[in-house]
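Working notes, beginning with the structure itself.
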Protein chains: 2
Amino acid sequence: MDRLLLELRAAVGDAVVTDLDRMLAYRRDQCLLARDGEPLAVVRARTVDDVVATLTIANRSRVPVVTRGAGTGLAGGANALDGCIVLALDRMNTILGIDTESRTATVEPGVINGDLAAAAAEHGLWYVPDPGSRAISSIGGNLATNAGGTCCAKYGVTADHVSRIKAVLADGRIVHTGSDTRKNVAGLNLTQLLVGSEGTLAVIVEATVRLRSLPASASTVVAMFPDAARAIDAVLAIRQVADPCLLEFMDRTTVSAVENMTRMGLDVGAGALLLVQCDGRDAGVEAAQCADACRRAGATEIYRTTDPREGDEFMQARRVALTALERQGSTLLDDLAVPVPQLPRMLSEIDRVAALHDVRIGTFGHAADGNLHPTVVFDAADPAAVARARAAFDDLVAACLSLGGSISGEHGIGSLKVGHLEDMIGTTQRELMAGIKAVFDPRGILNPGRGY
Amino acid sequence: MDRLLLELRAAVGDAVVTDLDRMLAYRRDQCLLARDGEPLAVVRARTVDDVVATLTIANRSRVPVVTRGAGTGLAGGANALDGCIVLALDRMNTILGIDTESRTATVEPGVINGDLAAAAAEHGLWYVPDPGSRAISSIGGNLATNAGGTCCAKYGVTADHVSRIKAVLADGRIVHTGSDTRKNVAGLNLTQLLVGSEGTLAVIVEATVRLRSLPASASTVVAMFPDAARAIDAVLAIRQVADPCLLEFMDRTTVSAVENMTRMGLDVGAGALLLVQCDGRDAGVEAAQCADACRRAGATEIYRTTDPREGDEFMQARRVALTALERQGSTLLDDLAVPVPQLPRMLSEIDRVAALHDVRIGTFGHAADGNLHPTVVFDAADPAAVARARAAFDDLVAACLSLGGSISGEHGIGSLKVGHLEDMIGTTQRELMAGIKAVFDPRGILNPGRGY
């Protein structure tokens, strides 16, 4: 392996890190229970040439490469493997251009989502995808996991906003996919194949994403319900009358954790909270209709505002949900999606699983697209509690599948859920995916064992 | 080959057609200049079992299979190959279910787009993708080509509305891709790989598509411009202030062909026409802003209406564009997409090519996403005219590429543009596509030579 390090140093110079202490920061993403290994080296690539050189050398020696954006992943997909090269793209963080006429931005993969959004906003434009991690996660990672966010039900996920990708294949060849045009049906859709491939097919080194006009400021509705079932009734009713840009759910446990942390005055006696925002030309009227739907579904308290600052404060309550739960213990965050009409049953299943394994689960998520984040709160110092947390996690995944759901709505499979994937997609799909991987990466060096 | 027919007959009975006259109707799509061959047999499948049996037999004997929906394709992708089996899915045309709570429809591939839209509308729901062929084209064909339509810029293309696909692989295995959930990042996105694959990877036998609430009726603006450049100025200005659900362009040649046919009173002296529709809660105000943008860009005549019937009449003028041009000769319809800011240059290129080859070209298309259909009108009985038409067609494709465009926005590559594809996507992408094809279809029986 010494020869490999020499080759790497000759090719990319001091971009190579081998110091164990310095490598520590590049070993893990933010998934607590996924294993990590000890990397041979970290390459902090500065250029496409660095990426090409690293992959060429790794491929020749059949050394695994784990590509890493900002390390904010939640499924262990960027955790180091023993003896791997961690290819870190955090230094490739230049916004290469914003084209106000075409309404696109071209970026390096390490650009932070929020930085792109801010740069676009200076031109009156909007980079839509808004994962909860947007202040700290990178576009490359967002693409690799096909990150979601709060505005997906109305505006789509990361995949829906990308038009072109430049990527480096395992053997160092560069491939350009997609087109600058809104519509393009020339050949197979390799762009959509790369999005969500979790570092297993190629390394994305540049992307062109679509921008929209900034929306008019949103109208916000917050509604408290005596129980989760009535909150979901309201979700179903809202979908009949409106197309909110945000429709978020928090259960009793989450509401009380958030209130404990923020002291913002949420009713900790409530069984569930819905946060609704409508944007567009007639946001106020649309929000009023959403409020009516909440009232008819049995909301006990409804607050409506068109003040963007107040709206942001409520949004902040939702954004800190995970942080608030983390204050109560270690957390194992799940990411399950069910068809919206199955939400009541999924919430009942979560209650059942919590009781069965005697664990505490706080649930919040994107109600409009059925994407919930049941979060097991446990004591990581107690092995029995860890075992119960894991068992609960597995049962939640199984319950989701039994309701026709997806085992990942927006975080990805990573290493955390590889064992569950075949239960969802079956053998034939998995074989096809393995075949596609072999086409892109015949030696299997790119994030092996992750994603599928 | 007699053995093969015996096997087919034993497996699928009278679904097999070998009579030359009866096969004639299954030999070609609607692309005039693409070649067709003489099929060995047509199988008019009634069930998934028929498809499985046909593919299993064909794969064993390495006989090519050309899958066919309604035969309305415009790129020769469904034209028979010599000695192939044409697998016709027109009889698999059952709407299997409309789920009003999940807001999805599950259909067989032969269901006509317009029939699905009508069935959804009975429940107050909307199947959005609206290719010009919607009254006669099938969902399977729409998926195979990733068909566009007039409302793409606001609502996306066929690919954006599909959630699940059931398909039969070349060896007869059945694969289910996607999920019933709005968000799903479990494994590689095989659904988006199948969409637009033009019958080369698998045979789609069932699809679940997403439905929306029916929009409020649209407000319509029709504007006449002295020249195409000013019409495109208006398009760029409209995109700054509004998000129309329809923004269609017709050039002078097309306007006058339509007026000749319809006598609806269009100004044949105008250089270009824009047809704009806005839907949603504030459609009237949005349409007024579009009209203002047209006026400022130099429109000579602007007509605005909120009457849906009047709107439909104008829409009809756009819908008959190709038919109107066909009355003036044989047509070679192109399908080019450029970034919207490049539209003026693309229109200049079309004029240049028309002059260079002494051909008549009528251009219409979806201005909001830069997708134009320059249509060469020629005398098919005159070999010199045919040669000039083809030369013009090739030059248009080259001009589009030089402007950073895509050689197909919504019709597909089929057989018509296979020779142009590598100029656009390069060798590496093409090799990856060929590799993926070999994973799905190792013996290369599915529509060989088409698509990529």
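A quick note: this is a predicted structure, and the numbers were derived from the prediction, not measured. So you know, we letter chains A, B, ... as the sequences are listed, proteins then strands, and number each from 1.
When each of A:Pro339, A:Gly280, A:Ser197 is scored by its heavy-atom pairs under 4.5 Å with chain B, the top score falls to A:Pro339. Chosen from B:Thr100, B:Thr427, B:Asn371, the residue pairing most often with chain A at heavy-atom distances under 4.5 Å is B:Asn371. Looking only at heavy-atom pairs under 4.5 Å with chain A, the residue among B:Gln342, B:Gln240, B:Glu101, B:Gln429 that has the most is B:Gln429. In terms of heavy-atom pairs under 4.5 Å with chain A, the best-connected choice from B:Pro341, B:Gly426, B:Ala337, B:Gly124 is B:Pro341. Of the listed residues B:Val340, B:Val157, B:Leu190, the one with more heavy-atom pairs under 4.5 angstrom with chain A than any other is B:Leu190. Annotation: maximal heavy-atom pairing with chain B below 4.5 Å, among A:Gly156, A:Ala186, A:Ala438, occurs at A:Ala186. The candidate with the highest count of non-hydrogen atom pairs below 4.5 Å against chain B, out of A:Arg103, A:Glu286, A:Gln192, A:His176, is A:Glu286. Contact count versus chain A (heavy atoms, under 4.5 Å) is highest, among B:Gly196, B:Ala147, B:Gly435, B:Ser102, for B:Ser102. Your options are A:Ala368, A:Cys152, A:Gly148, A:Gly405, and the one with the most heavy-atom pairs under 4.5 Å with chain B is A:Cys152.
Interface remark: A:Ser179 contributes side-chain atoms only to the contact with chain B (heavy atom separation under 4.5 Å). Proximity to chain B (any heavy atom under 4.5 Å) is shown, for A:Arg239, by both the backbone and the side chain. Heavy-atom distances place the side chain of A:Leu421, and not its backbone, under 4.5 Å from chain B. With a 4.5 angstrom heavy-atom cutoff, A:Met424 touches chain B only via side-chain atoms. Contact annotation for B:His420: neither backbone nor side-chain heavy atoms come within less than 4.5 Å of a heavy atom of chain A. If you measure heavy-atom distances from A:Ile174 to chain B, the contacts under 4.5 Å come from the backbone alone. Looking at B:Ser213, only its side chain comes within 4.5 Å of chain A, counting heavy atoms on both sides. Residue B:Leu432 touches chain A through both its backbone and its side chain, counting heavy-atom pairs closer than 4.5 Å. At a 4.5 Å heavy-atom cutoff, the contact between A:Arg173 and chain B is made by side-chain atoms alone. Contacts between A:Asp160 and chain B at a heavy-atom distance below 4.5 Å involve the side chain alone, from C-beta outward. With a 4.5 Å cut-off on non-hydrogen atoms, A:Leu193 touches chain B through its backbone and its side chain both. Heavy-atom distances place no part of A:Val418 under 4.5 Å from chain B, backbone and side chain included.
A perpendicular orientation is assigned to the rings of B:Tyr155 and B:Trp126, their planes being inclined by more than 60° (bins at 30° and 60°). Taking the six-membered ring for Trp and thresholds of 30 and 60 degrees, B:His373 and B:His366 have ring planes more than 60 degrees apart, a perpendicular arrangement.
A salt bridge does not link A:Asp335 with A:Lys417: none of the charged nitrogens is closer than 4.0 Å to a carboxylate oxygen.
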